[in-house]
Amino acid sequence: MIPLKYLLDHKEEVIQRLKVKHFDASEIVKQIEEKNVLRKKTQAETDAKLAELNQISKEIGSLFKQGEKAKAEEQKKYTLELKDQIQELQHQLSDLEKQIDELLVFLPNIPHNSVPEGKGSEDNLVVRQGGVTAEPNNGLPHWDLARKYDIIDFELGNKITGSGFPVYKGKGAKLQRALISFFLDEALKAGYNEVLPPFLVNEDSGFGTGQLPDKEGQMYHVQTDNLFLVPTAEVPVTNIFRDVILNEEDLPQKYTAYSPCFRREAGSYGKDVRGLNRLHQFDKVEIVVIEHPHRSYEQLEQMLLHVEGLVQKLELPYRIVKLCGGDMSFSSALTYDVEVFSMAQNKWLEVSSVSNFENFQANRLKLRYRDKETKKNNLCHTLNGSALALPRIVAAILENFQTEEGIRIPDVLKPYTGFDYIK
RNA sequence: GGAGAGAUGGCAGAGUGGUCGAAUGCGGCGGUCUUGAAAACCGUUGUACCCGCGAGGGUACCGGGGGUUCGAAUCCCUCUCUCUCCGCCA
């Protein structure tokens, strides 16, 4: 949520920059402005009346003490009238506040200056590319390999739960565990603190990171307890900092967490969602950083380097793209995607998304730091990224490293898997 | 699941209808003293919004929501959470 004050102080700028996200904010901003003028006026009136009531109440108290009962009763009558007026004003005020909030929630985050124009993924900007040559190898796609080596069973998952819930078996299961450990260890080395958060969150947390109220359909909802299965560890981890005021010198706060991720997303059908490409449950290691506003873009680059290091160590061909306005998420100011090339599918698979949300999330979370100089509380910047999501990494490993002897395991993973090949 | 107790500022903890945004202690910050530090002493120390160029003033907040009252941290209702005991259990 864009902070109200910032929005009103930078109206034209916000409207201009939201156009990069193909969002026309002019009407909403106008409404917010009008309602805010009314809100201020209403609050001033309400506060004045409340002050009067408080004053009279004090007087009544001392009148009673002095035994001047008649005078006190007189005053009481007047307060009845006052209270009616106050009640009316307070209703108006809370209505206005609610209306402003509802409008504010509609506005996507302001994209960073460097965000390229564009409609969709085809307009994203390739920042750099790395790893061994990215070419199709005419190999088997991972869903065939999974069956060949009996390491991932999609049909069995269908039977137990439904589509999008595969069963990993034998070396396939071990490979999952290996990747999770590898990713966590790498994050630890890079200075992130490990946490293992709850996998169900309450409504407040869903609201804090922006899944609620409008993206409710993307999460699995446990109705009896009104809890939500986490769509990413970002939700529980970022909410550690809900309603928190940090000292300036405590920034940055760097966290990493593994969690299974549950996503209902209906999505499209066909090749894009085959096999491991899109699942309802998958595993991911996430990195989350709370940073000083002055340093958040430096931090974003650091996080990107960390993620890049992971795909490099896994020997996968990759590229980094900066998302264009049209392809960015609602709450992001700048996002890099890291994609690995799948040789058998002959396409790029998104394995990580690293974003700076600036103060958009922090505003909802009420996550602030105390400025050392001014002693004022300012909103922090929040950033996060996948480091990494497992399924597409597994897909790429299977497809890119298939040999006649079996699937070759990248060197860095061997200490974790305990085997060199999946045969 | 059954029975009981409780939720107050960064923490501990007092406050059972007006003098309470809230005693006191600890912690934090500033200062005096000291070569420096500690101790001691003095001062200061919540958040948000509104009015004001500013100085300053106002309002709200004692787990959440609602009610009684001229007036609520304090009384009533309700929800959530925590603790203790019993039961069950990885």
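The chains referred to below are lettered A, B, ... by the order of the sequence lines, with proteins before strands, and numbering in each begins at 1.
In this structure, A:Lys375 and A:Ala51 both approach RNA chain B, and ranking their closest nucleotides by distance from the 5' end singles out A:Lys375. Each of A:Gln90 and A:Leu53 was matched to the nucleotide of RNA chain B holding its nearest heavy atom; the match closer to the 5' end belongs to A:Gln90.
Pairing for B:U59 is with B:A48, a Watson-Crick or G-U wobble pair whose two hydrogen-bonding atom distances lie under 3.5 Å. With a 3.5 Å ceiling on both atom-pair distances, B:U68 lacks any Watson-Crick or G-U wobble partner. As the counterpart of B:C89, no nucleotide is assigned, since no Watson-Crick or G-U wobble pattern has both distances under 3.5 Å. In a base pair of the Watson-Crick type (N1 to N3 plus N6-O4 or O6-N4) or a G-U wobble (N1-O2 and O6-N3), with each distance short of 3.5 Å, B:G43 is matched with B:C29. Base pairing of B:G21 is not made with any nucleotide, judged by Watson-Crick or G-U wobble geometry with both donor-acceptor distances under 3.5 Å. Pairing of B:G4, defined by two Watson-Crick or G-U wobble distances under 3.5 Å, is identified with B:C83. If you check B:U35 for Watson-Crick or wobble pairing at under 3.5 angstrom, you find it has no partner at all. Summarising the base pairing, B:U74 is matched to no nucleotide, lacking a Watson-Crick or G-U wobble pair whose two defining distances lie under 3.5 Å.
At a non-hydrogen distance threshold of 4.0 Å, A:Lys76, A:Thr79 from residues 71-81 of chain A come into contact with RNA chain B. Against RNA chain B, the stretch residues 33-50 of chain A makes heavy-atom approaches under 4.0 Å through A:Arg39, A:Lys40, A:Gln43, A:Ala44, A:Asp47, A:Leu50.
In this structure, the side chains of A:Lys41 and A:Glu45 come closer than 4.5 Å at one or more pairs of heavy atoms.
By the 6.0 Å contact criterion, CD on A:Glu74 is open, its count of non-hydrogen atoms from other residues, nucleotides or ligands being 12 or less. With a 6.0 Å radius and a threshold of 12 heavy atoms from other residues, nucleotides or ligands, A:His22 has its NE2 atom above the threshold.
With sequence neighbours excluded, the residues satisfying side chain to side chain donor-acceptor pair (under 3.5 Å) with A:Glu301 are A:Tyr336. A:Asp153 is linked by a salt bridge (Lys or Arg N to Asp or Glu O under 4.0 Å) to A:Lys169, counting only residues two or more places apart in sequence or in another chain. When the ring pair (Phe, Tyr, Trp, His ring centres under 6.0 Å) test is applied to A:Phe228, the partners found at least two apart in sequence or on another chain are A:His221. Looking at residues two or more places apart in sequence or on another chain, you find a salt bridge (Lys or Arg N to Asp or Glu O under 4.0 Å) between A:Lys11 and A:Glu33. Residues meeting the side chain to side chain donor-acceptor pair (under 3.5 Å) test with A:Asn356, sequence neighbours left out: A:Ser296. Remark: A:Arg242 pairs with no residue by the salt bridge (Lys or Arg N to Asp or Glu O under 4.0 Å) rule, at least two apart or across chains. Annotation: salt bridge (Lys or Arg N to Asp or Glu O under 4.0 Å) contacts of A:Asp24 (sequence neighbours excluded): none.
Here the separation of B:A5 from B:C77, taken at their P atoms, is 13 Å to the nearest Å. Distance check on atom P: B:G65 versus B:G54 gives 32 Å, rounded to whole Å. Straight-line distance between the C1' atoms of B:C75 and B:G15: roughly 15 Å, to the nearest whole Å. The gap from the C1' atom of B:G18 to that of B:U34 amounts to 49 Å, rounded to the nearest Å. Rounded to whole Å, the P atom of B:G17 lies 37 Å from the corresponding atom of B:G28. Taking atom C1' on both B:C88 and B:U80, the two are 24 Å apart, rounded to the nearest angstrom. Distance noted for atom P between B:A73 and B:A22: 12 Å (whole Å). Here, B:G46 and B:A23 have their P atoms 11 Å apart, quoted to the whole Å.
Screening residues 365-392 of chain A for ring pair (Phe, Tyr, Trp, His ring centres under 6.0 Å) gives A:His292-A:Tyr369 as the qualifying pairs, with residues at least two apart or on separate chains. Residues in residues 95-118 of chain A take part in these ring pair (Phe, Tyr, Trp, His ring centres under 6.0 Å) pairs, two or more places apart or across chains: A:His112-A:Tyr297.
Taking a heavy-atom distance under 4.0 Å as the criterion, the stretch of RNA chain B touched by chain A extends 5' to 3' from B:G18 to B:G71.
Across A:Ser386 and A:Glu286, no two heavy atoms sit closer than the pair CA-OE1, 3.6 Å.
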